[in-house]
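The structure appears below as structure tokens.
A note on names: the letters A, B, ... follow the listed sequences, proteins ahead of strands, and every chain is numbered from 1.
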2 protein chains.
Amino acid sequence: MLSYYFKCRRGEVGGNDFTTKAGRRVQQIILLHISCSVRADTSGNSLRMSRNPLPLPLNALLLSQIWGEKMLKILHRLPLKSWVINAGKSALNEDQACCEVVVARRRPMSYCPPSTPSKTPTAKRRNSLPNGEALGLRVEHMMGEESEGLVFHYWALFDGHAGSGAAVVASRLLQHHIACQLQAVIEILRNFHSPPPTVLGEEPDSSPYLQGNPPGPHRALTRAASLRGAAGAPSSPSSTPPPPRFYMEKRVQHESLVIGAIENAFKEMDAQIEREKQVYSISGGCTALTVVYLLGKLYVGNAGDSRAIIIRDNEIVSMSTEFTPESERQRLQFLGYMQPQLLGNEFTHLEFPRRVQRKEVGKRMLYRDFTMNGWAYKTVEDEDLKFPLIYGEGKKARVLATIGVTRGLGDHDLKVHDSNIYIKPFLSCIPEVKVYNLTQHEHGTDDVLVMGTDGLWDVLTNEEVAEAVGAFLSNCDPDDLHRYTMAAQDLVMRARGVLRDRGWRITNERLGSGDDISVFIIPLMYGNRQP
Amino acid sequence: MLSYYFKCRRGEVGGNDFTTKAGRRVQQIILLHISCSVRADTSGNSLRMSRNPLPLPLNALLLSQIWGEKMLKILHRLPLKSWVINAGKSALNEDQACCEVVVARRRPMSYCPPSTPSKTPTAKRRNSLPNGEALGLRVEHMMGEESEGLVFHYWALFDGHAGSGAAVVASRLLQHHIACQLQAVIEILRNFHSPPPTVLGEEPDSSPYLQGNPPGPHRALTRAASLRGAAGAPSSPSSTPPPPRFYMEKRVQHESLVIGAIENAFKEMDAQIEREKQVYSISGGCTALTVVYLLGKLYVGNAGDSRAIIIRDNEIVSMSTEFTPESERQRLQFLGYMQPQLLGNEFTHLEFPRRVQRKEVGKRMLYRDFTMNGWAYKTVEDEDLKFPLIYGEGKKARVLATIGVTRGLGDHDLKVHDSNIYIKPFLSCIPEVKVYNLTQHEHGTDDVLVMGTDGLWDVLTNEEVAEAVGAFLSNCDPDDLHRYTMAAQDLVMRARGVLRDRGWRITNERLGSGDDISVFIIPLMYGNRQP
């Protein structure tokens, strides 16, 4: 069994080794924490490093790289590299990151924790450890050949809040949950010439649905016919004949299985944090942005307000959406409307441009409901004096006056200050997964995927990031393996800015980011190469 | 009081006149219904018209056109024209349309029906007529000067199902509900130099929120600070001091008021159909696609599966999204999960690629939950033998095995066949409103907005429509005022196809549309002109 531990103390430059099953010792990627608490300490001592941005003594992990048709038989150690730089300005660096090559071995599904909805409660797993060793996981890091497993490359950023516990745990374990979900479909994914079977363990020919039912009247079912109560409508068993034979079977793509695996892995990760939060004192919550490279495609999963973009030929391809009180307002308002008890009689699901005053009862004020994107006027009632469920604008927007991000992991104990109102029911742990087919493009040496926490994107636009990365990389020696590292460092420094008389400033005298900043820059050109 | 009535019988070429308050008699736009029941009658008699697509004897309504800075003082009768062609292949033509210039006069809000959420039930309006005369509406058609009102141009398509009642009523009344909602904000919209006030009837200077609170610690509220229970969090009144002063006031744009007005107008239209469906025997439901041209912008509101696109410089700008069981799957599954009683113990909120058989209980089958976009395998349980809430693919996808569109008006009585399960809770009457600023582009004579019901888009792609319209218009005399009419007719005929030995065929031997087809083509070039 693989033994490894990934350790990153706040405010330190830390790295870690781990040992593979074969006994090889491999240096783990370095997480660099530039420790400089801007708000608390501007005396300069801890800033030296950033004022002289030198090529950092990063020890790179040589990630094994697989490609092409023989991908599962031949593993090449190509120099696909990526680095994460965490530049924490605060004493508490709540950003965490992970970068690994993971192998999901072919196993019976019973090894995986349940991820499917069931009426029976999930059996609690006792004595499990937060590093997953007792999870029943059979996932292994490996750098050599792997004939029965499925190899994926994995990068992830976690932005913690109200403590770093959830971020630390998720950075250690989420990849295993993804591997675990993929275990059930390894053979299906490898057999990419056949579509995934609807039912496992059935011979295709024995299924009545695959025998090519000829198109009958049912196939041409129109809306009008359906409304007249035609085929497919269920009915009370006592009064009607059994349902008609099926005339339709949806084809599911391989890609959808990977998306489903990532979605369910996030759910399982969140459930594990909930189960183990007491035993291991897992504090707070975190956003999660993951990239899985598998079988020629990048799967970018995002739950939170981090962001990933692809820069290709100086053009920007958006690979994620931020989930914030503003972008998810209608979902949250709808929930508050449907389940008002979640608002604890202190909040209203309606949105107003500001809080309503008692003296305004009876006047007409701007509002919007969960159905609306626009605004209208309503007569203010007593009920409207409650605090709005969604309140504030931009980075100051909050759910239940508490949290500024609406998707992520953890936060199970988070309550509205001085109340018994839980925030968690309004949060979602489900990522949006976007897919990018690497093999459909010919990538140059400057084409990259940039992942960053909100500390980066709060102060730099996509265009500024693309321009900065493009300019930086084009000035480097194309053979310099550290160029992506340095570009990531450059981005972090641009977002942090430099200390002037009146505070931290970036270009055009704008304020630098006061948040943690973490960046991955992943070169895409290795996607072009065939072994 | 204006008296008008708009009459369109099925299968007829119909038109109607109306009289303005000033006594002028104006010819109303013609709705052309080409009556040819493809499925029932292919003998040819009723098809003559379409086999010889001649310029139709359309009587155009000269819509008054306003523009530029003096828009509310000077009305110009520019030849902004548009036509609707309904080519019903079935005996029952359930498509309806409307095209009008509407004036919302400045009135106290009390004239409008309530549109805002309230604890008090809406007072039922007795003796109201479906043409809105008893609605208390003060909306008027006018072709002359209008100094106190707000003029908007209006086009709408309604695709009925399970009867044409809802479509007919909506085609007559929805524009009045929009005007009614706009009445409350006429002065605010006209005063486009000042942002909409948060509270009506307050002097801006008397509001404490507009006195420019300096940025204090509250403004710089970070997520972490908020999580520590800082400013803005409500608390139980008994134990804590009153909430702090507000430090934030959201600015609402004029545009948002128009969007809100259209959203609430759809809600009111739906509520009116519900109130009056018994008295006036309003059958079925309908989709609704509306275009409002107001103060230089086009507001495209869509609830259903019709579609609007703008063709500009041969490029396509999408102006609507279709709402179907597939596009709204997760919203509907979430509702079924939250309120399982709506599924009547006959449906499951889970989706499967096909219906589950009893013999498959215990096996692993593909599924997806409301949280998922991807698919995964789950062990089949008895519960999964129920019919899926969302079932089918593409045009055959259904909600509760009944309806293939998830937004629209009406359908209050619609139930699952042979059951007491209502469909309406799963349907939304709320449109998505997209905005297009006409003044930001210089439009040529071939730049148009195309609106069409699904009968058009089911068989022609956006690109095919853009190509067909472009080719048709460029072959016309630019001064021919009938060119847009003929282009609309051409589109309808292309989607219908021609009758061959083996059925109705369009290009590439594809099947023509068997549905009603309705098209508006609206030229955009008049947006360029200044008075």
Quick check for you: among Ser428(B), Gly260(B), Pro353(B), which has the greatest number of heavy-atom pairs under 4.5 Å with chain A?
Pro353(B)
Under 3.5 Å side-chain donor-acceptor pair for Ser419(B) and Glu346(B):
no
Against chain B, label Ile430(A) side chain, backbone, both or neither, depending on which of its atoms sit under 4.5 Å from a heavy atom there.
side chain
Partner chain A: residue of Val433(B), Ile421(B), Asn373(B), Ile262(B) with the largest heavy-atom pair count (under 4.5 Å)
Asn373(B)
With chain A as the partner, which of Glu393(B), Gln339(B), Met365(B) has the greatest number of non-hydrogen pairs under 4.5 Å?
Glu393(B)
Please look at Arg368(A) and chain B and tell me whether the side chain, the backbone, both or neither of the residue comes under 4.5 angstrom of a heavy atom of that chain.
side chain
Applying salt bridge (Lys or Arg N to Asp or Glu O under 4.0 Å), run through Lys378(B) and Asp384(B) and close with a yes or a no.
CA-CA 10 Å; Lys378(B) 82 179 286 284; Asp384(B) 303 326; 2.5 Å; yes
Considering non-hydrogen atoms only, spot the tightest contact between Thr198(B) and Tyr377(A) and give its length.
O-CE2, 3.7 Å
Is it the backbone or the side chain of Leu511(B) that comes under 4.5 Å from a heavy atom of chain A, or both, or neither?
neither
Determine yes or no for a side-chain-to-main-chain donor-acceptor pair under 3.5 angstrom, with Asp305(B) supplying the side chain and Val405(B) the backbone.
no
For Lys386(B), what residues pass the salt bridge (Lys or Arg N to Asp or Glu O under 4.0 Å) criterion, not counting sequence neighbours?
Glu383(B)
Check whether Glu351(A) gets within reach of chain B through its side chain, its backbone, both or neither, counting any heavy atom under 4.5 Å.
side chain
Against chain A, label Phe352(B) side chain, backbone, both or neither, depending on which of its atoms sit under 4.5 Å from a heavy atom there.
neither
If you tally heavy-atom pairs under 4.5 Å against chain B, which of Glu432(A), Met372(A), Arg331(A), Gln253(A) wins?
Met372(A)
Gln330(B) side chain to Phe370(B) main-chain N or O, any donor-acceptor pair under 3.5 Å?
yes
Turns out that what part of Pro431(B) lies under 4.5 Å from chain A's heavy atoms comes down to neither
Checking salt bridge (Lys or Arg N to Asp or Glu O under 4.0 Å) against Glu249(A), which of Arg355(B), Lys396(B), Arg354(B) comes through?
Arg354(B)
